[in-house]
Amino acid sequence: MNSIYEKIHQQIKRVVGDAFKACAKNGSLPETEIGEIPVEVPRERGFGDFSTTIVMQAARQLRMPPRKAAEILIQAMDLTDTYIEKAECAGPGFINFYLDRNWLYDALRLIQEKKERYGELDMGRNVRVNVEFVSANPTGPLHMGNARGGALGDCIASILKKAGYDVTREFYINDTGNQIEKFGISLEARYLQQLLGEDKVPFPEDGYHGEDIIDHAKAYISEYGDALLKENPEKRREKLVQYALPINIERIRKMLSSYGIEYDVWFSEKSLHESGEVEETIRFLKEHGYTVEKDGAIWLSGEKLGLEKDEVLIRNNGVPTYLAADIAYHRNKFITRGFDWCIDLWGADHHGHVARMKAAMSPFGVSEDRLEVVLFQLVRLYRNGEIARMSKRTGKTISLEDLLEEVGRDAARFFFNLKTSGSHLDFDLDLAVSQSSENPVYYVQYAHARICSLIRKLREEEGVVLKGTDRINPELLTRDEELALIRKLSEYPEEVRMAAKTLEPSRLTRYVMDVAAHFHSFYNACRVKGEEEPLMMARLMLVDSTRVVINNVLDLISIHAPEKM
RNA sequence: GUGCCAGUAGCUCAGCUGGAUAGAGCAACGGACUUCUAAUCCGUCGGUCGGGUGUUCGAAUCAUCUCUGGCACGCCA
């Protein structure tokens, strides 16, 4: 068992299901086809620990008022061998379940038993899932969009892994096509400017204007001199790209690594062209009638795939579009490599691409639900209460590097996972560095440090260490603050399940803030050190369990859990 | 013009496969350190869920209309 919730849900479903059967048998309720029995946690504590709305949902089939059906059902319930102490009908027809406290004490024992594995689930059943994220153009530094996508994608991957999926993290390298072309032209212009004088060579208006391009040109010259002056332009650009591209990719890899992200696969777009997979993919689409030809180009048929319009796959100059390569890429993921499920993280400005991409998979027998696109809204940075666009230090657009330098990896990752991906994110730079209670990162980390300090002090000053679970009486924990904290800790596996289901890591950052809050309340209300041994030990068990949970969540989202602050 | 996303407390946001009296943090105000970390806690204040209509036992949640903001509609990626 991984979750006490799972166990309780099973108990309630069994009890309710059996009661329905018994009532149908003795005729007190009509025989009905009841579906999944919903189990929820009531909003108000006074309504018990768990509840179900099943009779309200089945009211029509039961042909009687929900409250009446609920009463009959409750009479027929057999509560032996469950945590359920009593069931009551309330409100318009809720059935509320009141549990005996043993479920909370068992939850605590479960945490101690599982420790760092507490929260692991098997809902993924080893389904192979590919999570592709960031995939930034390797033509320049990483920006805020990449930063949010990176934090989100990495955490989604971690959550799915925790939930039992077989996860591959992947970076798609756009190492060919128009952007690379432009990269080459920009490098060439800077190269020539360095050697011939800036005013002698015009810089293309739509080129990459960043300093890094000039740095590449300078570095190339100091290493290889001016030999490319005599080379023909095409060859010259190729050489420069060959030089600068691997450097940029390596920089991206290092940057993301220092951000806490390690990929399993770096997949080259160029390789899709070289292996003939792009060509093969288009041929397949053509042969199966998914393309049309017009204006000298080959188009993906919108009509055939239920899309608004046709999309160019091969331009009239014979060069495949990004879409063509992207279709080949996803075909490679699903067909060649056999992933069951693919998750792409895109900035919200790419939303128009979603329907196309999903539809384009159907000719290959890949159903739409196997491709999940998580769109995230863009980020606005705030400093001094105003929108910040420029880096303090360089005066240029703020890069991921600048952000990590200013606020650090922990704050960056935490803040980017604070809001649901679909909502706009205002990133307050001042708040992220402030060491105060308003800063949620510090709030959570402080709770962890406080716990570690408490445990350390007990050990060093009193020689007290946590005993084995079988020698502790968690039943001594009866105060509201203690029970509320245990209840919160017991929710963790359920939070992982929901985060995996909704692909929303923000659930976990909010959850861990909640855990910290409950701990701080407990800490202010109860003492550990100085209490009678049995109670002290029970509380130590609770405190250590809190440490385990906070540590597990922070570890899951790759944020440092300090032992001292 | 068409489509997608968003609109919930002064601010930033949860809640959205319909459920009980709509939540949290911050801000504001009032309290709590001779004690295991006050980077903390406790309390008070705060709402026409953008607006209208509909669906039904019940709507922040679903449908529809409308207003506002962001984005997308390239032989760009």
Side-chain angles (χ1 to χ4, degrees), chain A residues 38 40 42-44 46-47 51 53 56-57 59-60 65-67 90-94 96 135 137 174 177-180 182 206 269 294-299 308-326 346-355 375-378 380 382 385 418-420 422-428 431 434-447 449-458 461-462 464 481 504 506-507 510 513-514 516-517 519-531 536 539-540 543 564-565:
Chain A
E40 22 187 276
R43 195 159 40 74
E44 296 277 335
F47 294 137
S51 71
T53 55
M56 287 186 284
Q57 285 177 23
R60 189 158 298 174
R67 287 197 63 109
F94 290 92
N96 295 333
S135 298
N137 267 324
N174 304 119
N178 278 347
Q179 302 304 316
I180 293 298
K182 213 158 80 177
D206 64 340
E269 178 184 356
K294 63 181 174 194
D295 308 328
I298 296 174
W299 303 64
E308 279 177 24
K309 54 191 179 65
D310 298 341
E311 302 289 341
V312 174
L313 291 174
I314 298 192
R315 304 180 176 92
N316 59 15
N317 64 5
V319 178
T321 60
Y322 174 84
L323 176 63
D326 220 10
W346 297 346
D349 52 338
H350 289 76
H351 67 76
H353 195 50
V354 177
L375 296 173
F376 55 92
Q377 296 290 336
L378 302 182
R380 273 188 309 193
Y382 280 80
L418 215 40
K419 310 291 162 63
T420 54
S423 69
H424 292 272
L425 191 143
D426 292 330
F427 194 121
D428 186 335
L431 179 59
S434 80
Q435 304 199 0
S436 75
S437 57
E438 299 133 61
N439 186 341
V441 189
Y442 278 87
Y443 184 80
V444 172
Q445 289 183 325
Y446 178 62
R450 211 178 201 188
I451 291 169
C452 290
S453 167
L454 194 164
I455 293 172
R456 194 186 321 120
K457 274 236 164 69
L458 274 176
E461 293 173 12
E462 317 277 324
V464 174
E481 291 85 356
E504 279 293 355
S506 62
R507 288 193 71 99
R510 284 195 298 272
M513 286 165 70
D514 228 12
F519 172 74
H520 287 311
S521 293
F522 157 80
Y523 184 91
N524 276 274
C526 308
R527 293 192 56 80
V528 181
K529 204 171 130 184
E531 295 288 347
M536 177 177 69
R539 285 186 175 161
L540 183 55
V543 167
K564 280 183 183 171
M565 282 174 81

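Chain A is the first sequence line, chain B the second, and so forth, proteins listed ahead of strands; every chain is numbered from 1.
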Next item on the list: Quick one: do A/F522 and A/V543 satisfy side-chain contact (heavy atoms from CB on, under 4.5 Å)? Show the steps, please.
Entry: CA-CA 9 Å; A/F522 157 80; A/V543 167; 3.6 Å; yes
Note to self: For the P atoms, the ones on B/C62 and on B/C76, what distance do you get once it is rounded to whole angstrom?
What the structure shows: 39 Å
Notebook entry, point to check: In terms of the nearest nucleotide of RNA chain B, which residue is placed more toward the 5' end: A/A59 or A/D514?
Noted result: A/D514
Check: If the C1' atom of B/C49 is compared with that of B/U21, how far apart are they to the nearest Å?
Finding: 15 Å
Notebook entry, point to check: With rounding to whole Å, what would you report as the distance between B/U53 and B/G31 at their C1' atoms?
Noted result: 49 Å
Check: With nearest nucleotides of RNA chain B determined for A/M513 and A/A90 from heavy-atom distances, which residue corresponds to the more 5′ nucleotide?
Finding: A/A90
Check: When the C1' atoms of B/G47 and B/U8 are considered, how many whole Å apart are they?
Finding: 8 Å
Notebook entry, point to check: Would you call B/C33 syn or anti, using the 90° rule around 0?
Noted result: syn
Margin query: If I pick the P atom on B/A6 and the same atom on B/A20, what distance separates them, to the nearest angstrom?
Written below: 22 Å
Next item on the list: Quick one, give me the B/S/- string for nucleotides 69-77 of chain B, reading 5' to 3', where B means a protein heavy atom under 4.0 Å from the base and S means that only happens at the primed atoms, P, OP1 or OP2.
Entry: -SBSS-BSB
Next item on the list: Sticking with atom P, work out how far B/C5 lies from B/U61, rounded to a whole angstrom.
Entry: 16 Å
Notebook entry, point to check: Considering only the P atoms, how many Å lie between B/A24 and B/C45, rounded to the nearest integer?
Noted result: 12 Å
Checklist line | Nearest-Å distance once atom C1' is located in both B/U64 and B/U55 | finding: 10 Å
Checklist line | Pairing partner (Watson-Crick or G-U wobble, both distances under 3.5 angstrom) of B/A72 | finding: B/U2
Margin query: Could you tell me how far apart A/H520 (NE2) and B/A38 (P) are, to the nearest whole angstrom?
Written below: 10 Å
Check: Counting only side-chain N and O atoms of A/R43, is one of them less than 4.0 Å from OP1 or OP2 of B/G23?
Finding: yes
Check: What string of B, S and - do you get for nucleotides 29-37 of chain B, 5' to 3', when a contact is any protein heavy atom under 4.0 Å?
Finding: ------BBB
Notebook entry, point to check: Looking at A/S423, does any N or O in its side chain come under 4.0 Å of the phosphate oxygens OP1/OP2 on B/C5?
Noted result: no
Item checked: Quiz item: cation-pi between A/R450 and A/F519, 6.0 Å / 45° -> no
Notebook entry, point to check: Between A/F47 and B/A20, do the rings stack, that is, sit under 5.5 Å apart with planes less than 30° off each other?
Noted result: yes
Next item on the list: Counting Watson-Crick and G-U wobble pairs only, both distances under 3.5 Å, name the nucleotide matched with B/U44, or none.
Entry: B/A28
Checklist line | Strand partner of B/U21, provided both Watson-Crick or wobble distances fall under 3.5 Å | finding: none
Item checked: Under 3.5 Å on both distances, the Watson-Crick or G-U partner of B/U61 -> none
Check: What nucleic acid atoms does A/S51 come within less than 4.0 Å of, heavy atoms only: base, sugar-phosphate, or nothing?
Finding: base
Check: Going from CD1 on A/I180 to CD on A/E269, what distance comes out if it is rounded to the nearest 0.5 angstrom?
Finding: 8.5 Å
